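Shown next, in structure tokens, is the structure this report addresses.
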Amino acid sequence: MLARGWCTVRKAPSLLARALTSMTNGFQSPPDMSEVRSRLRAIVGASTNWSDHVQAMHERKDLHILLAKQQEDLPPRKMNDSYIEVILPLGSQPELREKYLNVHNSVRFGRILEDLDSLGVLICYTHTKHEASQRSPLSIVTALVDKIDLCKKVIYPDCDIKFTGNVSWVGKTSMEVKMHMFQVGLHDDTYSPVLDATFVMVARDPENKRPAFVNPLIPEGPEEEEIFRKGELNKIRRVDFSTASLLKMAPTAEERTTVHNIFLNTLDTRTVSFRSRVLPPNSVWMEDAKLKGLEICHPQARNIFNRIFGGFLMRKAFELGWAIACSYGGSRPYVVAVDDIMFQRPVEIGSLLLLSAQVCFTEKNYIQIRVHSEVYDSDTREHKTTNVFHFTFMSEGEVPQIVPKTYGESMLYLDGKRHFSAAMKETREVEKTTAAP
Ligand SMILES: CCCCCCCCCCCCCC(=O)SCCNC(=O)CCNC(=O)[C@H](O)C(C)(C)COP(=O)(O)OP(=O)(O)OC[C@H]1O[C@@H](n2cnc3c(N)ncnc32)[C@H](O)[C@@H]1OP(=O)(O)O
């Protein structure tokens, strides 16, 4: 079982700095989630009525003149400049609870994913704030959910939640954002950590057609320099991970042995054949552990740029992933980690979104799920991948082993194993840190 306190220990900015930040960022007191969304609408100039969206987008074209020609033309920012605190008042505003409540009397994690996405975008707009204009010429989109590590099994549906976050690393047109979530306890008023999240957002021009430069980030002091250096390393790690992808390269020798051992373990010993396969005891064929879903992408789920909101996609994928983990493990699953959610292409309003959740790796009571999403164009009959999601769940008891049958399934298994190992390594490293006296 996961222990409490696995999230990274971090220092919050000083009280004075925080007070100054919240004032300079335009909020007198920590805003709530609905204010985050209204603020985003105002920054982008998004239309409230869907019927006006073409006109609103047209007006954004004029903002092109505000774009920087090169990054050096933009004033550098500090980490504290983008620091934001947001309250989700589940304790003090009971009317809000219904939206967040799940059947287990806990908080719907899919809703938290939506809030993190909106907050991450607002943090980036705060970092790139244009002094001369209320409106931003940038279209900031979610490119990647690099990692979300949870350190609490249950999120209470009736206690206030606080999110904090800031830009932690900047490239030319991309920004890494680190966010943290805390919740007050049932019996005390102090906030304790719930999760740490790292997202990467990309800035585009007002029409969301080409990349656009963002303000440089200057780390201040050794602690921020370390955070910035980690951001740089994260970028290198992502490139390495994608270069070694099983879609591009053969598995390692160790992985090949793993796959071959699984294969040998499924051969029917009564026949001398490569074809007769037998399912080992307490196992499930991979082909029998998937669940599909369809979403019609209505305007209600649109983001400020009239595409489908990234948080909505994450919620839908998470809930499908949760459902397969639930039926596979036969008990209530708890999400432990979310990693490497890539937003490869935007989802247009009106799209048919096909989601497919697959159990791809298991170990003891852990279930690794991959959700693939694609849009189907009924005119061209073409399918295009939009996202791939990776979720690690923990079941209450030990779960059956998942067994690949084909080569393609074996690659899915190995990919799932890689994601699982990365998620667990991170968690264990943090555990080592926090276990120290
Ligand atoms: C209207 C009323 C509604 C109001 C609702 C309120 C809700 C509010 C909601 C608000 C929420 C709104 C939010 C939403 O809902 S956004 C909706 C969800 N997200 C999307 O739809 C994005 C879909 N993907 C794309 O459009 C492209 O793939 C992007 C634009 C992401 C990249 O395109 P492309 O591949 O062509 O990019 P490039 O080669 O030019 O590189 C550009 C930079 O990007 C970096 N990069 C690229 N990929 C990755 C990656 N995977 N990891 C890390 N970094 C990555 C790259 O290193 C480079 O950085 P740098 O070296 O320059 O620094």
Side-chain angles (χ1 to χ4, degrees), residues 33-57 60 68 70-71 86 111 113-125 127-128 136 138-147 167 169-177 198-205 207-217 231-232 234-242 245 297-317 339-349 351 353 373 375 384-389:
M33 268 300 158
S34 63
E35 286 171 82
V36 167
R37 293 192 177 109
S38 337
R39 176 62 78 92
L40 283 170
R41 275 200 196 100
I43 292 172
V44 178
S47 64
T48 314
N49 298 324
W50 170 242
S51 51
D52 301 335
H53 78 277
V54 177
Q55 177 62 24
M57 271 295 140
R60 274 185 61 74
Q70 50 180 1
Q71 192 178 30
V86 173
R111 291 278 184 219
L113 290 175
E114 290 185 321
D115 289 346
L116 286 170
D117 197 31
S118 304
L119 177 62
V121 174
L122 183 62
I123 288 172
C124 290
Y125 274 119
H127 174 84
T128 56
S136 172
L138 302 177
S139 305
I140 294 176
V141 299
T142 315
L144 178 80
V145 177
D146 187 58
K147 195 127 213 37
V167 171
W169 173 86
V170 156
K172 290 272 173 217
T173 66
S174 62
M175 290 161 276
E176 185 192 77
V177 181
T198 309
F199 282 42
V200 179
M201 309 293 184
V202 172
R204 319 267 295 163
D205 69 10
E207 296 171 88
N208 196 356
K209 288 189 174 153
R210 271 174 290 277
F213 292 113
V214 298
N215 303 59
L217 177 69
E232 200 73 47
N234 282 344
K235 181 167 181 165
I236 299 167
R237 175 183 49 81
R238 278 175 217 125
V239 174
D240 289 350
F241 203 84
S242 119
S245 159
C297 297
H298 296 293
Q300 188 190 18
R302 74 187 182 278
N303 67 14
I304 35 183
F305 316 113
N306 297 311
R307 300 271 178 62
I308 291 295
F309 170 39
F312 171 84
L313 300 173
M314 285 196 264
R315 173 160 64 84
K316 288 295 166 186
D339 87 311
D340 203 24
I341 299 182
M342 259 225 274
F343 290 85
Q344 292 174 6
R345 52 168 63 86
V347 177
E348 302 294 337
I349 311 293
S351 302
L353 184 75
S373 77
V375 284
K384 284 188 184 147
T385 298
T386 57
N387 300 73
V388 182
F389 305 83

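Just so we're clear, the structure is a prediction, and the values are computed from it rather than from any experiment. Atoms within each ligand, like the ligands themselves, are counted from 1 in listed order.
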task: Go through the structure and list residues passing salt bridge (Lys or Arg N to Asp or Glu O under 4.0 Å) with R307, not counting sequence neighbours.
output: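 E348.
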field: D115: salt bridge (Lys or Arg N to Asp or Glu O under 4.0 Å) partners, not counting sequence neighbours
entry: R37
task: Might you work through the side chain to side chain contact (heavy atoms under 4.5 Å, CB included) test for R238 and D340, ending with a clear yes or no?
output: CA-CA 9 Å; R238 278 175 217 125; D340 203 24; 5.6 Å; no
message: When you compare the side chain of T386 with that of L313, does any pair of heavy atoms fall below 4.5 Å?
response: no
Pick out the protein N or O atoms lying less than 3.5 Å from any N or O of ligand 1, and list each pair with its distance.
residue, atom, partner, partner atom, Å
ligand 1, 15 (O), N303, ND2, 3.1
ligand 1, 15 (O), G310, N, 2.8
ligand 1, 19 (N), T142, O, 3.0
ligand 1, 24 (N), F343, O, 2.9
ligand 1, 28 (O), F343, O, 3.4
ligand 1, 28 (O), Q344, O, 3.0
ligand 1, 59 (O), S174, OG, 3.1
ligand 1, 61 (O), K235, NZ, 3.2
ligand 1, 62 (O), T173, N, 3.0
ligand 1, 62 (O), T173, OG1, 2.6
ligand 1, 63 (O), K172, N, 2.8
ligand 1, 63 (O), T173, N, 3.0
ligand 1, 63 (O), S174, N, 3.0
ligand 1, 63 (O), S174, OG, 2.7

- request: Please indicate whether Q300 has more than 12 foreign heavy atoms, meaning atoms of other residues, nucleotides or ligands, lying under 6.0 Å from its CD.
  value: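 Counting neighbours around CD of Q300, 12 or fewer heavy atoms of other residues, nucleotides or ligands fall under 6.0 Å, so no.
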task: With sequence neighbours excluded, tell me which residues meet side-chain contact (heavy atoms from CB on, under 4.5 Å) with T142.
output: D117, V121, F199, M201, F343
